[in-house]
Q: 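Structure incoming, see below.
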Amino acid sequence: MKRLIHAALLGLFLVSTAQAAIDTYEFRDEAERERYRTLTEELRCPKCQNQNIADSNAPIAMDLRQEIFRMLEEGQSNDQIVDYLVDRYGDFVRYNPPVNAKTLLLWYGPAGLLVLGFGVLAVILVRRRRVEKAPASNTLSETERERLAKLLDKKDS
């Protein structure tokens, strides 16, 4: 019985210390709630870097969720909200940044490296096939063998 009481008290203690911050916002309608959810899931947390604003527990993510809610209440469009956050934090806050001069390497770099890798592989394979098909071209002629033998004899003496 004592163990059960100790276990219950320990469980209550652990539950009381593990309080999570829950955002409770009152939306006008379900469409606005869906816009909020979409925006917070599509935008990246500037601190966490690999989490969206909806999933992050970082203080800046909490502030950004509140800011998005405020802007929705003011009646701003999704594009206006995203533009505001991009102006403030850069294209990094988007999971799908636009294709422009700054992001060309990000968008086309992996494909370029893949093409370059296939090119190097093709060159290596072509060179190997040439060597395998023409082994006679690598051998010495009779005069070259005689000359080599003479040079080796001189070196041994």
Side-chain angles (χ1 to χ4, degrees), residues 1-140:
M1 185 66 176
K2 244 183 179 181
R3 285 186 178 170
L4 183 62
I5 292 172
H6 287 290
L9 288 174
L10 180 63
L12 287 173
F13 175 73
L14 291 175
V15 169
S16 68
T17 60
Q19 296 176 357
I22 299 173
D23 297 330
T24 54
Y25 297 118
E26 294 293 325
F27 296 98
R28 287 181 280 221
D29 54 10
E30 193 59 36
E32 190 173 280
R33 181 185 309 276
E34 185 62 28
R35 281 181 59 204
Y36 175 81
R37 188 189 62 76
T38 302
L39 283 168
T40 57
E41 288 178 356
E42 288 179 356
L43 296 170
R44 186 189 321 246
C45 174
K47 181 177 181 182
C48 303
Q49 298 181 2
N50 288 327
Q51 280 186 322
N52 58 24
I53 294 172
D55 295 337
S56 175
N57 288 328
I60 191 166
M62 291 180 210
D63 292 342
L64 289 176
R65 287 192 297 263
Q66 186 175 3
E67 186 70 16
I68 290 171
F69 177 74
R70 182 191 61 77
M71 294 173 90
L72 284 173
E73 289 291 311
E74 291 176 358
Q76 295 188 20
S77 70
N78 288 4
D79 291 335
Q80 289 174 322
I81 295 171
V82 170
D83 289 343
Y84 169 78
L85 293 174
V86 167
D87 288 342
R88 195 165 186 189
Y89 299 103
D91 281 326
F92 178 78
V93 295
R94 293 182 178 185
Y95 272 114
N96 293 319
V99 179
N100 59 29
K102 294 178 185 176
T103 60
L104 282 177
L105 184 62
L106 172 71
W107 282 104
Y108 300 113
L113 288 174
L114 189 64
V115 168
L116 181 67
F118 280 126
V120 168
L121 182 64
V123 167
I124 291 171
L125 290 176
V126 167
R127 285 184 180 174
R128 280 189 184 175
R129 286 187 184 162
R130 283 185 190 163
V131 170
E132 289 172 1
K133 286 183 180 178
S137 65
N138 292 337
T139 59
L140 299 174

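What you see is a predicted model; the values in this text were computed from it and never measured. Here, residue 1 is the first one in the sequence, and each next residue gets the next number.
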Q: If I compare all heavy atoms of Glu32 with all of Leu72, which pair ends up nearest, and what's the gap?
A: OE1-O, 3.9 Å

Q: Before giving the answer on side chain to side chain contact (heavy atoms under 4.5 Å, CB included), spell out for Val93 and Ile53 the whole-Å C-alpha distance, their side-chain angles and the decisive distance to 0.1 Å.
A: CA-CA 9 Å; Val93 295; Ile53 294 172; over 6 Å; no

Q: Can you name the salt bridge (Lys or Arg N to Asp or Glu O under 4.0 Å) partners of Asp63, sequence neighbours left out?
A: none

Q: Testing the basics here: between Ile81 and Gln76, what is the closest heavy-atom pair and its distance to 0.1 Å?
A: CD1-O, 4.1 Å

Q: Should Asn50 and Arg44 count as side-chain neighbours, where that means a heavy-atom distance under 4.5 Å?
A: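 They are in contact (side-chain heavy atoms under 4.5 Å apart), so the answer is yes.
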
Q: Which atom names give the shortest non-hydrogen contact between Ala58 and Lys47, and what distance separates them?
A: CB-CD, 4.1 Å

Q: Which pair of heavy atoms, one from Glu41 and one from Ala54, lies closest together, and at what distance?
A: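 That would be CG-CB, 4.0 Å.
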
Q: So, the side chain of Ser77 versus the backbone of Gln80: is there a donor-acceptor pair under 3.5 Å, distance only?
A: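 It does hold such a pair.
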
Q: For Glu73 and Glu26, work out which heavy atoms get closest and say how close.
A: OE2-O, 3.8 Å

Q: How about Glu34 and Phe27: do any of their side-chain heavy atoms sit closer than 4.5 Å?
A: no

Q: For atom CZ of Arg128, is the number of surrounding heavy atoms from other residues, nucleotides or ligands below 6.0 Å larger than 12?
A: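 For Arg128, atom CZ is not crowded (no more than 12 foreign heavy atoms under 6.0 Å).
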
Q: Evaluate the side-chain proximity of Asp91 to Asn100: yes if any heavy-atom separation is below 4.5 Å, no if none is.
A: yes

Q: Which heavy atom of Asn78 sits nearest a heavy atom of Arg35, and at what distance?
A: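 Heavy atoms only, the tightest pair is OD1-NE, 2.8 Å.
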
Q: Tell me whether Phe92 at atom CZ has more than 12 heavy atoms from other residues, nucleotides or ligands lying less than 6.0 Å away.
A: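 More than 12 within 6.0 Å, yes.
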
Q: Can you tell me how far the SG atom of Cys45 sits from the CG atom of Asp55, to the nearest 0.5 Å?
A: 10.5 Å

Q: Can you confirm whether Leu114 is buried at CG, in the sense that more than 12 heavy atoms of other residues, nucleotides or ligands lie under 6.0 Å from that atom?
A: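 Counting other residues, nucleotides and ligands, CG of Leu114 exceeds 12 neighbours.
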
Q: For the OH atom of Tyr89 and the CG atom of Leu43, what is their distance to the nearest 0.5 Å?
A: 11.0 Å

Q: Fit a plane to each ring of Tyr25 and Phe69, take the angle between them on a 0 to 90° scale, and name the class: parallel (under 30°), tilted (30 to 60°) or perpendicular (over 60°).
A: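 Judged by the thresholds at 30° and 60°, the geometry between Tyr25 and Phe69 is parallel.
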
Q: Are any of the side-chain heavy atoms of Ser56 and Leu64 separated by less than 4.5 Å?
A: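 No, every pair of side-chain atoms sits at 4.5 Å or beyond.
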
Q: Counting neighbours of CZ on Phe118 that are heavy atoms of other residues, nucleotides or ligands and sit closer than 6.0 Å, is the number greater than 12?
A: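 Check fails, neighbour count at 12 or below.
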
Q: Taking Thr103 for the side chain and Pro98 for the main chain, is one N or O donor matched with an acceptor at less than 3.5 Å?
A: yes

Q: How would you list, by chain and number, every residue that makes a salt bridge (Lys or Arg N to Asp or Glu O under 4.0 Å) with Arg70, sequence neighbours excluded?
A: Glu67, Glu74

